[in-house]
Amino acid sequence: MILLYHKIFPIAKTESWVDVESFHRQMLQLRRREVVRLDEYDVSDPSQVVITFDDVYHNVLEYAAPFLYELGYPFELFISGDFIGGNDAFDPMEPFTEFATEEDLRELIRMGGRLQWHTRSHPNLGDETSPTRISRELTIPDKLQALDLKGMKWFAYPYGCFNDLTVKEVRERFVGAVSCDQGNNQDRYLLKRTTVKNGSDFEPYAKVGVIIPSYNYGMFLPETLESVLRQSQQPTEIHVADDCSDDVTEEVGRDYANRYPGLVQFYRNTHNLGIVGNFNAAVGRTRSDYIMILDADNRLPGNYVEILAGALDRNPDAAVAYTDFALFGPRASLVWKDFPQAWRGECIEGTFYTIRFPEFESLDQLRHRNFIHGNSLYRRTAFEQAGGYREAAGVPEDFDLFLRMIALGWSARRCAGPLLEYRQHSSDQAQSRLVREEALNWYRRRITEADQKLAQQDEALRQLQIAKNRAESLAAKRRILLSNADQKLAQRDEAMGQLQIAKNRAESLAAERLNLLQDRETRLRQLTMKLTVPVATCTDTQSLKRLLDWTRDLADHRLKLLRIERELRQQQEKDP
Amino acid sequence: MCASKAVAHEAASYINPVESLCDQRRLEILRSELPQRAFERVLHIDGNQGRAMPELGASYVGIHASGVAEYGAESSDAFVRRSIFELPRILASKFDLIMIMEALYPKHIGLSLPLVYRTIDQLLSNGGILACLHLDSDYRASFPFLILKTQFHMIDDNVERLEIYVK
């Protein structure tokens, strides 16, 4: 696997940026693998990883190199010659970033980096057809070559793009080349790379499970849990194993399980199983590769898990990784004096009494006197091979377990330094269940949360009351509107009645008009017939008189007809 | 900013002279809880407006921790405003007391606690004291040193966590 990074920064500004915590997590996940240079990379070996950076920004030196240097990982730096000491202001799509300077590059080489070539000006070589331009882009200036005499043998295609001509030219000048997703794992000049993002994880990596057994140590639990939750390498699972306590263990454990779902799990035994039973049952509920039993009253510095898991990652023959510790609490100085003189370290600030354990050498050495404390990190495989914890007369259960692991042929690895804060109670204080600051803060937080919930409920009630008042107001308005609607309906019905009357009247008038029109037509026809008789033939007075009567009748009918038409018009205007 | 210039500014003007009652209370708490010893070199990193406490050590350096958004930005006051990660480069020697007050929130360091731990480890001498005072709800650091004290104080209606470590 060849990894491709661009920019590392405290915040990921775009997809091509990886934040520092994600980068740190990803680097820790590679500890069980072999991180190699491209020169040593064997595509067929899945345990090998190559770390590459394209373009090489100043932020690689500031935020990535410290981790790479600390872990001893080599890395490849693909530089574009024209960009050195400049910035990417030319790229409006990316937040402004400065490229590494020559001085930065020298420092990166000192920290394990190796310079490789990424063209002069970062063109898209998939589109390039001019041999002259390709040649110019692939030519490394002597000054840059001189920066790293061991480097500049590998090439990275800008944007991962290439064509036949480009690849041909690259084959003549470099020992190999890398692309991105366009590449493959068959051709040394077209190697594929995995573009890394914030959420990328590199399986398989070892998972760490922390078990905090508690029997009436509830008051110490918040402090212990907080110290586990704030580890620089966060465990995959944290189990609080309550061995049927009658103090606040259950309340505290369930609270943390609710606040960190998927990470913290709480389990309460239905009856007290005792130390061995509780430990074995708790380990059985975990799935992690590495397991740690952490006493509920001890505290871990922020790098405890990272250091111990790293020791097991790098030493596959080791069943257990152990540390020195610092005793604290009322009986610390007394307990410290019980240790051999050679193991006693310094007293720090009158508070911590440190113990420096010896390096593991042999089973006999361990049998002689235990120096692997019970809060060490051990390998699940070794635990299962040894058969787990067991009751052993006169021997602490953890010492007995580690002896059996070592007897099976496993080794142990010491991590120097007082990485564990080991509390030593006075008997009175142990029994009175000391109220610790962190426990007080846990209660304070619970009270604050309860206050916030109450305030939220009060607010919800207030909103409900407002809603209720509003609903009542709306109901009243609705009632008024309904009443108004009833009145309007009655008015509408009345208007409809009037309308019906008007309609009937209009129909009646229309029928009358039709009759009159028919009558008028008949009379007009009759008059026409009469008028066809020549007036000259109407010699007698009688005929003339009849003619005049018809004419008068006709005029009357016309007038009547006109009146009806006028009435109809008025009616229509009045009630359209 | 070169190291010599930074050192030359030790015990010089610091951050912002504005001091609220809460600031006073924080400083009183810090003074009362620090181990009683004479500190030679004191580094004070503050994410807020605060006040210098040059009386705490023979030499005193005050840094106003800049926000992530300001990293690399030009500033007219280059001495007082710095990212935590720059400090090992600009400060020549180690300190026997480092105080970090409200400078480890995401707005100052983003998501970079593992590098903060390493940076402070570079700056703190063996046996040195690290004091951190932050709002408990927004603070998630845990340094790789032994923890002498953890205390919680109500300041301005907020719970503030004071941690005192010894390296």
Side-chain angles (χ1 to χ4, degrees), chain A residues 8-13 18-25 27-28 58-59 62-64 66-67 70 87 96-98 198 223 226-233 299-304 306-307 325-326 328 346 348-352 354 417-421 436-438 440-442 444-445 448, chain B residues 34-37 66-73 83-86 88-89 104 106-122 126-130 136-137 139-154 157-167:
Chain A
I8 313 296
F9 197 68
I11 48 175
K13 296 182 179 179
V18 173
D19 70 57
V20 175
E21 289 184 15
S22 296
F23 183 75
H24 175 247
R25 183 191 76 245
M27 292 303 102
L28 297 185
H58 172 74
N59 55 45
E62 186 135 31
Y63 301 106
F67 298 112
E70 182 180 298
N87 60 59
F96 178 87
T97 318
E98 289 177 335
N198 260 342
E223 189 170 14
E226 289 292 336
S227 78
V228 179
L229 287 164
R230 291 166 191 245
Q231 287 296 300
S232 58
Q233 178 183 343
R299 296 185 308 219
L300 302 179
N303 58 349
Y304 189 84
E306 181 180 338
I307 299 273
F325 59 48
F328 73 107
E346 60 187 331
I348 300 173
E349 291 293 322
T351 301
F352 294 107
T354 59
L419 291 173
L420 176 70
E421 297 179 22
R436 305 291 308 163
E437 279 271 348
E438 193 80 57
L440 278 174
N441 191 48
W442 177 76
R444 191 184 286 127
R445 194 181 64 238
T448 305
Chain B
L34 286 172
Q36 296 302 307
R37 63 158 108 152
S66 57
V68 172
E70 301 163 315
Y71 287 8
S83 113
I84 287 175
F85 308 109
E86 293 175 282
R89 286 203 303 277
L104 296 182
K107 70 176 179 179
H108 300 109
I109 59 166
L111 296 169
S112 59
L113 276 173
L115 194 57
V116 171
Y117 301 151
R118 284 156 175 83
T119 303
I120 297 301
D121 190 37
Q122 284 182 61
N126 282 334
I129 298 294
L130 169 67
D136 182 52
S137 55
Y139 177 76
R140 57 190 187 92
S142 175
F143 283 83
F145 312 128
L146 297 172
I147 189 156
L148 281 170
K149 287 181 189 174
T150 302
Q151 292 184 347
F152 299 88
H153 300 274
M154 287 296 290
D157 290 335
N158 294 309
V159 178
E160 297 207 4
R161 173 191 283 255
L162 169 66
E163 291 177 336
I164 297 184
Y165 297 89
V166 57
K167 179 177 172 185

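Below, chains carry the letters A, B, ... as their sequence lines are ordered, and counting in each starts from 1. Because only heavy atoms are used, hydrogens play no part in the values below, and waters and symmetry mates are left out as well, while side chains stay in.
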> If you compare all heavy atoms of A/Glu21 against all heavy atoms of B/Ser112, which two are closest, and at what distance to 0.1 Å?
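Closest approach of A/Glu21 to B/Ser112: OE2-N, 3.2 Å.
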> When rounded to the nearest 0.5 angstrom, what is the spacing between CH2 in A/Trp442 and CZ in B/Phe152?
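Reported to 0.5 Å precision, the distance equals 13.5 Å.
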> With a 4.0 Å cut-off, would you call B/Arg161 and A/Glu223 a salt bridge?
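Salt bridge between B/Arg161 and A/Glu223, a charged N being under 4.0 Å from a carboxylate O: no.
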> Nearest 0.5 Å please: distance from the CD1 atom of A/Ile11 over to the CD1 atom of B/Ile109.
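Taking CD1 in A/Ile11 and CD1 in B/Ile109, the distance rounds to 12.0 Å.
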> Side chain, backbone, both or neither: which part of A/Glu70 has an atom under 4.5 Å from a heavy atom of chain B?
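Side chain only.
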> Minimum heavy-atom separation for B/Arg89 and A/Glu62, please, with both atom names.
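Smallest heavy-atom distance, with atoms named: NH1-OE2, 3.3 Å.
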> Testing the basics here: between B/Ile147 and A/Phe352, what is the closest heavy-atom pair and its distance to 0.1 Å?
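Closest pair (atom of B/Ile147, atom of A/Phe352, distance): O-CZ, 3.1 Å.
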> For the interface with chain A, which of B/Ser137, B/Gly127, B/Pro35, B/Ala141 has the highest count of heavy-atom pairs at distances below 4.5 Å?
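Ranked by heavy-atom pairs under 4.5 Å with chain A, first place is B/Ala141.
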> Hey, are the side chains of B/Arg140 and A/Glu226 touching, using non-hydrogen atoms and a 4.5 Å cut-off?
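B/Arg140 vs A/Glu226: side chains apart.
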> Please round to the nearest 0.5 Å and tell me the distance separating atom CZ of A/Phe9 and atom CG of B/Leu111.
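Output value for this atom pair is 11.5 Å.
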> What part of A/Gln231 gets within 4.5 angstrom of chain B, counting heavy atoms only: side chain, backbone, both, or neither?
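For A/Gln231, no heavy atom lies under 4.5 Å from chain B.
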> Just so I know, are the side chains of B/Leu146 and A/Ile348 near enough to count as touching, which here means a heavy-atom distance under 4.5 Å?
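Sidechains of A/Ile348 and B/Leu146: in contact.
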> Using non-hydrogen atoms only, which part of A/Phe67 is less than 4.5 Å away from chain B: side chain, backbone, both, or neither?
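For A/Phe67, side-chain heavy atoms alone lie under 4.5 Å from chain B.
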> For B/Leu115 and A/Val20, which heavy atoms make the closest approach, and how far apart are they?
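Heavy atoms of B/Leu115 and A/Val20 come nearest at CB-CG1, 4.0 Å.
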> Compare every heavy atom of A/Pro301 with every heavy atom of B/Ser142, then report the nearest pair and how far apart it is.
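Looking at all heavy atoms of both residues, the shortest contact is OG-C, 4.2 Å.
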> Would you mind checking which part of B/Arg118 comes under 4.5 Å of any heavy atom in chain A, side chain (CB onward), backbone (N, CA, C, O), both or neither?
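For B/Arg118, the side chain is the part near chain A, not the backbone.
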> So what's closer than 4.5 Å to chain A heavy atoms on B/Tyr117: side chain, backbone, both or neither?
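Just its side chain gets close to chain A.
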> May I have the step-by-step check of salt bridge (Lys or Arg N to Asp or Glu O under 4.0 Å) for A/Glu349 and B/Lys167, ending in yes or no?
CA-CA 10 Å; A/Glu349 291 293 322; B/Lys167 179 177 172 185; over 6 Å; no
> Which distance, rounded to the nearest 0.5 Å, do you find between the CG of B/Leu113 and the OG of A/Ser232?
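Between atom CG of B/Leu113 and atom OG of A/Ser232 there are 9.5 Å.
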> Answer yes or no: is there a side-chain heavy-atom contact under 4.5 Å between B/Tyr139 and A/Arg230?
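Sidechains of A/Arg230 and B/Tyr139: in contact.
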